[in-house]
Number of protein chains: 2
Amino acid sequence: MLRLPPFAAARCIPAGPRLGLLCLAGSFARSRPPAGDGGPLFRQVRAAAGGERLPVLKTPKGTRDHPPAQAALRERLLGAVVSCFKRHGAAAIDTPVLELRETLLGKYGEQSKLIYELQDQGGELLALRYDLTVPFARYLAMNKIKKMKRYHVAKVYRRDNPATTRGRYREFYQCDFDIAGQFDPMIPDAECLKIVHEILSDLQLGDFVIKVNDRRILDGMFAVCGVPDSKFRTICSSVDKLDKVPWEEVRSEMVGEKGLSPEAADRIGEYVQLHGGLDLIEQLLQDPKLSQNKVAKEGLGDMKLLFEYLTLFGITGKISFDLSLARGLDYYTGVIFEAVLLQQENEHVEEPVSVGSVAGGGRYDGLVGMFDPKGRKVPCVGVSIGIERIFSILEQRLEASEEKIRTTETQVLVASAQKKLLEERLKLISELWDAGIKAEMLYKKNPKLLNQLQYCEETGIPLVAIVGEQELKDGVVKLRIVATREEVNVRRESLVEEIRIRTSQC
Amino acid sequence: MLRLPPFAAARCIPAGPRLGLLCLAGSFARSRPPAGDGGPLFRQVRAAAGGERLPVLKTPKGTRDHPPAQAALRERLLGAVVSCFKRHGAAAIDTPVLELRETLLGKYGEQSKLIYELQDQGGELLALRYDLTVPFARYLAMNKIKKMKRYHVAKVYRRDNPATTRGRYREFYQCDFDIAGQFDPMIPDAECLKIVHEILSDLQLGDFVIKVNDRRILDGMFAVCGVPDSKFRTICSSVDKLDKVPWEEVRSEMVGEKGLSPEAADRIGEYVQLHGGLDLIEQLLQDPKLSQNKVAKEGLGDMKLLFEYLTLFGITGKISFDLSLARGLDYYTGVIFEAVLLQQENEHVEEPVSVGSVAGGGRYDGLVGMFDPKGRKVPCVGVSIGIERIFSILEQRLEASEEKIRTTETQVLVASAQKKLLEERLKLISELWDAGIKAEMLYKKNPKLLNQLQYCEETGIPLVAIVGEQELKDGVVKLRIVATREEVNVRRESLVEEIRIRTSQC
């Protein structure tokens, strides 16, 4: 599924200043270099000795490292998403980051120019995957799989131009859930929407709305408005801009650049301002023009069915049937949807959180057939969670709350108060590791107790197991609770159990 | 860390027929295409209609998809490794798959030709990372980090030639744990060996030995044997072949190809056959020649200290100080090690499991300095788990045991025995999802009960929640236990709890 580039999908980010991102950029400044090209620190520095040229110290343009705090937050976030996908019975698959160039060819329309190609080093011509949907379709066709519910969380690559789309990354995660197979209409489609609803609710990102439309309704609408068949796709991509550009501009693109008649454009203009629920569907089913169009009628009928299922799921409150939703990719054939966070007063942060599309997807019944030698189709519907955008929101929120995220899970530091106890520390920590306790020690022969305690404060380790000569004689270990500074002597044979109990709520 | 290509590190796989791999190749044959170039199924098939050329249906040479069963096994395996890394207090980081070409330049010696380069599409010249160690060193230098314990589990890329190294993949996972920082000698080094010991024991891969040596001991040995300084590296890489080539062959390479004197080669030959424990270290510390060599003495002194620490960890039984261990990469500066599974009678499988190196690593005190404009060093030691090799062993074992691995975690299938109950199924499954229960249903309006039960058998779903008209009237759901075919009526409000209890042991 999909086209949700991280932080900023060109389609859905408001054109204003990106305060949210600016704020974010500062949040890990200590450990993160600028992602763009601006002012690399050590560019072509020559080493003092030998005059050897040092490598430029940066990650490639549009990519970044994830230091421990980011990696830990990302692990939490991906965990929540994957747990939802598993709740819905999906199996994981993995496909290579590399695909044959021809596998990706002709699947992304104009966006194809953003595909990273590998150098021809002899052998096959390769490229980095652009999304997870096309590889999934290739996988299904290659293995002749007719039915599958899978999720895939992995990185994808787009050679986007950061000069025009600030804040967009060239390497980013996608989290996709897809259902392939011939089934009764709209049941899997409804489940995809339920998944978006569950994830956005679980993550407590604030209020959101899931816009829904259907490519067939769009096509029918274009037909009854007098758009020639040959212009459906290009007019569709004009409509796709409506979430960030006012109608007047879109209209002038349609008429001026794309040669649509002003009357047809105005008719479209009337439709695309409509959004609502079951009422609107019923109204359009009665619409004198649309109701005469076969594909539109099919689409509207299915939309009605979808809303019935969503009502049973109890989630129609967050669903909006929106005739202006078009989505860019060519391969959609039926239902399409996109979840948008709603701007709101936020008590936690001073600067507004940047809002925009955080999930999207739709039905693509023709893509697998493009890979099958006999063109056999496998209908698919799927959803992609815009994890990078969500990540930036959570990161910003964490920053604002001043909550410090722990980057390790260490339960206890093995320490000593006196000198010459390295061997005893090694013996004890080995016992703890073997019992499955997460334990650390300082890599010094004779560390100062103060330094050991300070290490716990810095890293959030809740307990210290202190070995001392007297304790060794008595067969005990002094267990210190870092938060309260309380100290208790624990018999060595009970230590593991004691640590487990005391860290079970952490 | 490291150079453990998946399945077959050229250094350590015996030259014989790769029965283990052959066996493995069949194990997922149903869902997996050949990884090599042999006989692509649909190469350049022309579509019946339109004469359009279809894409070749394959993954790039040397890469493969992971279908659900493999992905699930891999998740388990990576989970065990990561849990050990966390037990030792490591934090996760992530770095881009893409690096600047110059970052990778000059770090891998002759292996540099295996680096995948991206096409010059304007802008920076990029390459795919070759391992996780060089990016880690780049990360430390770029962020001026002097101290860090991190793990990183991710894919790396090597444009290896499958013609000469059968079974080797070009995209594979590495699992690295590294400790960076200036510490008292051998404490972090000992922890790395403890980690290898824990992981190999936890995974129950059978008997193993961890060979240990030190680059300083090797260098000292070369010096006292009369190897000219300029030949240290090349002679070292000859020694590196000893695990798969007999001494006579290595000797003739040294003398014939590399121009070493026969006397020097023979002296080396005496040393490299030595392996043992503390006794051997003591013996070499008394060796009239080695004991006069400064670096060798340093190395032996540290090796002694290492063995003392490993004794405290109780793991010397699996450690062998082995003078023939050299390891290929240039960047090692101190302790080096490699874990090898030992061939054994295996009760479970008929064909012998291919054995070889499953973990390796060492100390590299100079690598970070190569990135620092002032050459400031950050000493590092680390270990890489050869996850692909271990994966192939576990996969083969699973295959032999005929245990079927579940690819989903679904607890309950929501089913109906009568027609026209789709709405009731949707209502119930929605309740279950919202309560965090992993639930599925068939995407059919009126599925047959038999088909629903069969789906559970196939996918391992342990429970079926059956809605029927009578049950709806009575406010109950019929819960069927798939394994025993037992059926109980459960009050709707107790269903979630009942499912939780009954699947808590799964």
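Only this structure's heavy atoms are used, side chains among them; waters, hydrogens and symmetry mates stay out. Lettering follows sequence order; numbering is per chain, from 1.
When side chains are defined from C-beta on, B:F183 does not count as touching A:L442, because their heavy atoms never get closer than 4.5 Å. No side-chain heavy atom of A:Y139 sits less than 4.5 Å from a side-chain heavy atom of B:T59. Between B:K58 and A:E124, some side-chain heavy-atom pair lies under the 4.5 Å cut-off. Between B:L422 and A:I187 the shortest side-chain heavy-atom distance falls below 4.5 Å. Side-chain contact between B:R170 and A:P96 is absent, with no heavy atoms from C-beta onward closer than 4.5 Å.
Remark: of the listed residues B:R74, B:Q70, B:K155, B:H66, B:K155 is the sole one forming a side-chain hydrogen bond (donor to acceptor under 3.5 Å, both in side chains) with A:D94.
Among B:L128, B:T408, B:D202, the residue making the largest number of heavy-atom pairs under 4.5 Å with chain A is B:T408. Ranked by heavy-atom pairs under 4.5 Å with chain B, the list A:A71, A:A190, A:A92, A:G436 is led by A:A92. By number of non-hydrogen pairs under 4.5 angstrom with chain A, the leading residue of B:T311, B:L105, B:V97, B:I437 is B:V97. The greatest number of non-hydrogen atom pairs below 4.5 Å with chain B, out of A:M148, A:K444, A:Q411, A:K427, is found for A:K444. The candidate with the highest count of non-hydrogen atom pairs below 4.5 Å against chain B, out of A:E99, A:R101, A:K445, A:R159, is A:R159. When the candidates B:P185, B:A127, B:A91, B:G314 are compared by the number of heavy-atom contacts under 4.5 Å with chain A, B:A91 comes out ahead. Most heavy-atom pairs under 4.5 Å with chain A, from the set B:I315, B:L413, B:I179: that is B:I179.
Going from atom CD of B:Q121 over to atom CD1 of A:I115 covers 9.5 Å, rounded to the nearest 0.5 Å. Here A:S430 contributes atom OG and B:H197 contributes atom NE2; the two are 9.5 Å apart, rounded to the nearest 0.5 Å. Note that CD of A:E431 and CG of B:L312 are 11.0 Å apart. Values are rounded to the nearest 0.5 Å.
Looking only at distances, no side-chain donor or acceptor of A:D65 sits under 3.5 Å from a matching main-chain atom of B:T95.
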Exercise. Could you please spell out the steps behind the side chain to side chain donor-acceptor pair (under 3.5 Å) verdict for B:E423 and A:Y309?
Key: CA-CA 8 Å; B:E423 302 199 345; A:Y309 296 160; over 6 Å; no
Exercise. Would you check, one step at a time, whether the test side-chain contact (heavy atoms from CB on, under 4.5 Å) holds for A:I429 with B:F313?
Key: CA-CA 9 Å; A:I429 201 168; B:F313 287 161; 4.3 Å; yes
Quiz prompt | side chain to side chain donor-acceptor pair (under 3.5 Å) evaluation trace for A:E191 with B:Y443 | solution = CA-CA 10 Å; A:E191 184 166 359; B:Y443 302 124; 2.6 Å; yes
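Between A:K194 and B:D434 there is a salt bridge, since at least one side-chain N of the basic residue sits less than 4.0 Å from a carboxylate O of the acidic one. A salt bridge links B:E440 to A:K149: at least one charged side-chain nitrogen sits closer than 4.0 Å to a carboxylate oxygen. A salt bridge links A:K86 to B:E409: at least one charged side-chain nitrogen sits closer than 4.0 Å to a carboxylate oxygen.
With a threshold of 4.5 angstrom between heavy atoms, B:L426 approaches chain A through its backbone and through its side chain. Only the side chain of A:E198 has a heavy atom closer than 4.5 Å to any heavy atom of chain B. Both the backbone and the side chain of A:L100 come within contact range of chain B, each with at least one heavy atom under 4.5 Å from a heavy atom of that chain.
By the 30° and 60° cut-offs, the orientation of the rings of B:H88 relative to A:W433 is tilted.
Listed here is the closest heavy atom pair of B:L57 and A:F371: CD1-O, 3.3 Å. Scanning all heavy atoms of the two residues, the minimum distance from B:I93 to A:P68 falls at CG2-CD, 3.6 Å.
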